[in-house]
> 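What follows is a structure written as structure tokens; I'll ask about it next.
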Amino acid sequence: MFDPFLDQLHADITARGGTPTEVPDGLAECHSAKKTSVIRSWLWQVPGFRRWRVTRLDAGDSLQVLNSVAYPDYGFDHPLMGVDLLWFGARQKLVAVLDFQPLVQNEAYFDRYFDGLKDLNRAFPDLNGEETMRSFDPNQYFSSWLLFCRGGSEQADTSLPPAFSAFLKAYWALHDAAINTPSTISPDEVKRLQENYDVYSAERDPAHGLFTSHFGKSWSDRFLHEFLFPASGQS
Ligand code: BLA
């Protein structure tokens, strides 16, 4: 379902000089006991970024997922890139979240970094359903201009493909502009805020129950704390 997006993401990363690096032992791929689902992950070293992770979960008709987070180098204070796409085939239900995840919530920061995403938000009203967040806090590490929809096949087939491409393009443009302008947040503080993103996300991420049901508790705990959000430490 999301393979064209995965290919596009990996092609962009490669074009930017990204090289694959080692995923911790046993976490790159896992099959469920019944062999009905598989989760695969990639870790990239990309110039300008200290970590870029990508995960694809294929559980056939029941669930398809593409999830990715890009963490800029500590010398850059611009937002993280966050993508979470889920397709529940049996119910024909799409959950799509695409955001420039802000390190801080203040006007100057938003003015500095969010023009691109604001444009996308206007261009794809179909993906901006003003959905309510049930587990995350919309005012921590999310922006008001995120593309967030709980929709169906219409959004998945019509709006999401052009939105995904435009989103990647806008994020690269943000990064290119940011590396040519001095950060206002110090590298030490960027480090603290990025690490706190991992702690916060590991606590709130609604995916853990889902992973546990497919891949068991011990694998899922390791995956959460060693791969998805490594600064969150062990549980
Ligand atoms: C929601 N993400 C969800 C949900 C699931 C996942 C099961 C609940 C569905 C719903 O709310 O309707 C699944 N999340 C996953 C999976 C992975 C994961 C499988 O991390 C890992 C492979 N989530 C992110 C990132 C963003 C994000 C990077 O991991 C940022 C764009 C957003 N996911 C996000 C949001 C919700 C969500 C905002 C809604 C949660 C809420 O209601 O608070």
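Both counts, for ligands and for their atoms, begin at 1 and track the order of listing.
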> Below the 3.5 angstrom mark, is there an N/O of D99, backbone or side chain, next to an N/O of ligand 1?
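Checking ligand 1 against D99, no N or O pair falls under 3.5 Å apart.
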> Under 4.0 Å from any heavy atom of F148, which atoms of ligand 1 are there?
39 (C)
> Please check if the side chain of W219 supplies one atom and the backbone of G26 the other of a donor-acceptor pair under 3.5 Å.
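Side chain of W219 to backbone of G26, a donor-acceptor pair under 3.5 Å: yes, one is there.
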> How about D198 and H225: does a side-chain donor come under 3.5 Å of a side-chain acceptor?
no
> Decide whether the shortest distance between a heavy atom of L80 and an atom of ligand 1 is less than 4.0 Å.
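Outside the 4.0 Å threshold, so no.
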> Begin with the C-alpha distance, continue with both residues' side-chain angles, and end with the deciding distance and a verdict on side-chain contact (heavy atoms from CB on, under 4.5 Å) for V97 and M133.
CA-CA 11 Å; V97 194; M133 288 193 193; 5.7 Å; no
> Select one of side chain, backbone, both or neither to describe which atoms of R204 lie under 4.0 Å from any atom of ligand 1, heavy atoms only.
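The answer is neither.
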> Hey, looking at atom 34 (C) of ligand 1, which of V97, I39, D137 has the closest heavy atom?
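Considering heavy atoms of V97, I39, D137, the nearest to atom 34 (C) of ligand 1 sits in V97.
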> Below 4.0 angstrom from a heavy atom of L210, which ligand 1 atoms are there? Numbered from 1 as shown, please.
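With L210 as reference, the close atoms of ligand 1 come out as 7 (C).
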> Between the candidates V65, V83, N67, which shows the shortest non-hydrogen contact distance to atom 29 (O) of ligand 1?
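Looking at heavy atoms only, the winner is N67.
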> Using distance alone, determine whether T55 and ligand 1 share an N or O pair under 3.5 Å.
no
> Looking at F227, is R51 sitting on its ring face, NZ or CZ under 6.0 Å from the six-membered ring centre and within 45 degrees of the normal?
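Here R51 passes the 6.0 Å and 45° test against F227.
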> Between R53 and F229, is NZ or CZ placed under 6.0 angstrom from the six-membered ring centre and within 45° of the ring axis?
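Verdict for F229: a cation-pi partner in R53.
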> Are the side chain of N128 and the backbone N or O of L147 linked by a donor-acceptor pair below 3.5 Å?
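Such a contact is absent between N128 side chain and L147 backbone.
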> Looking only at the side chains, is there a donor atom on one of S32 and H214 sitting less than 3.5 Å from an acceptor on the other?
no
> Checking side-chain hydrogen bond (donor to acceptor under 3.5 Å, both in side chains) between Q101 and each of Y71, Y141, Y197, which is the one that passes?
Y197
> Give yes if a backbone or side-chain nitrogen or oxygen of L228 is under 3.5 Å from a nitrogen or oxygen of ligand 1, and no if not.
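Not met; the criterion fails.
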> If you count the atoms of ligand 1 from 1 in the order shown, which ones are under 4.0 Å from a heavy atom of V69?
28 (C)
> Check whether Q92 reaches the backbone of F88 with its side chain - one donor and one acceptor, N or O, closer than 3.5 Å.
no
> Tell me: protein heavy atom nearest atom 21 (C) of ligand 1, and distance?
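Here the closest protein heavy atom is F211 CZ, 3.3 Å.
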> Would you indicate which of A70, G82, A59, S135 comes nearest to atom 43 (O) of ligand 1 when only heavy atoms are counted?
S135
> Of all the non-hydrogen atoms in the protein, which one sits nearest to atom 15 (C) of ligand 1, and at what distance?
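Answer for atom 15 (C) of ligand 1: A207 CB, 3.2 Å.
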> What protein heavy atom lies closest to atom 3 (C) of ligand 1? Include the residue and the distance to one decimal.
P206 CG, 3.5 Å
> Counting only nitrogen or oxygen atoms and a 3.5 angstrom limit, does Q101 reach ligand 1?
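No.
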> Would R16 and D176 count as a salt bridge (Lys or Arg N to Asp or Glu O under 4.0 Å) here? Give the steps.
CA-CA 11 Å; R16 290 280 179 148; D176 290 341; 2.8 Å; yes
> Less than 3.5 Å between some nitrogen or oxygen of D205 and one of ligand 1, yes or no?
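Yes, since at least one N or O of D205 sits under 3.5 Å from an N or O of ligand 1.
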> Pick one of side chain, backbone, both or neither for how K93 approaches ligand 1, counting any non-hydrogen atom pair under 4.0 Å.
side chain
> Just heavy atoms, cut-off under 4.0 Å: does T132 contact ligand 1 by side chain, backbone, both, or neither?
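The answer is the backbone of T132.
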> List the closest protein heavy-atom neighbour of atom 41 (C) of ligand 1: residue, atom name, distance to the nearest 0.1 Å.
R134 N, 3.0 Å
> If you look at every heavy atom in V199 and A231, which pair is closest and at what distance?
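It is CG2-O, 3.8 Å.
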> Numbering the atoms of ligand 1 from 1, which are under 4.0 Å from a heavy atom of R150?
10 (C), 11 (O), 12 (O), 39 (C), 41 (C), 42 (O)
> Which residue owns the protein heavy atom closest to atom 37 (C) of ligand 1, what's the atom, and how far is it?
D84 OD2, 3.7 Å
> If only atom types and distance count, is the side chain of Q194 paired as donor or acceptor with the main-chain N or O of K191 below 3.5 Å?
no
> With no hydrogens and no angle check, is any side-chain donor or acceptor of D99 less than 3.5 Å from a backbone partner on S143?
yes
> Taking only heavy atoms of L86, which atoms of ligand 1 are found under 4.0 Å from at least one of them?
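Heavy-atom distances to L86 below 4.0 Å select 2 (N), 5 (C), 6 (C), 7 (C), 13 (C).
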> Could you tell me, atom by atom, which parts of ligand 1 come under 4.0 Å of a heavy atom of F142?
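So the answer, numbered in order with elements, is 30 (C), 32 (C), 38 (C).
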> Taking heavy atoms and a distance under 4.0 Å, where does V95 meet ligand 1: side chain, backbone, both or neither?
side chain
> If we count only N and O atoms by modelled type, under 3.5 Å, do the side chains of Y113 and D77 hold a donor and an acceptor together?
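Yes - a donor-acceptor pair under 3.5 Å links their side chains.
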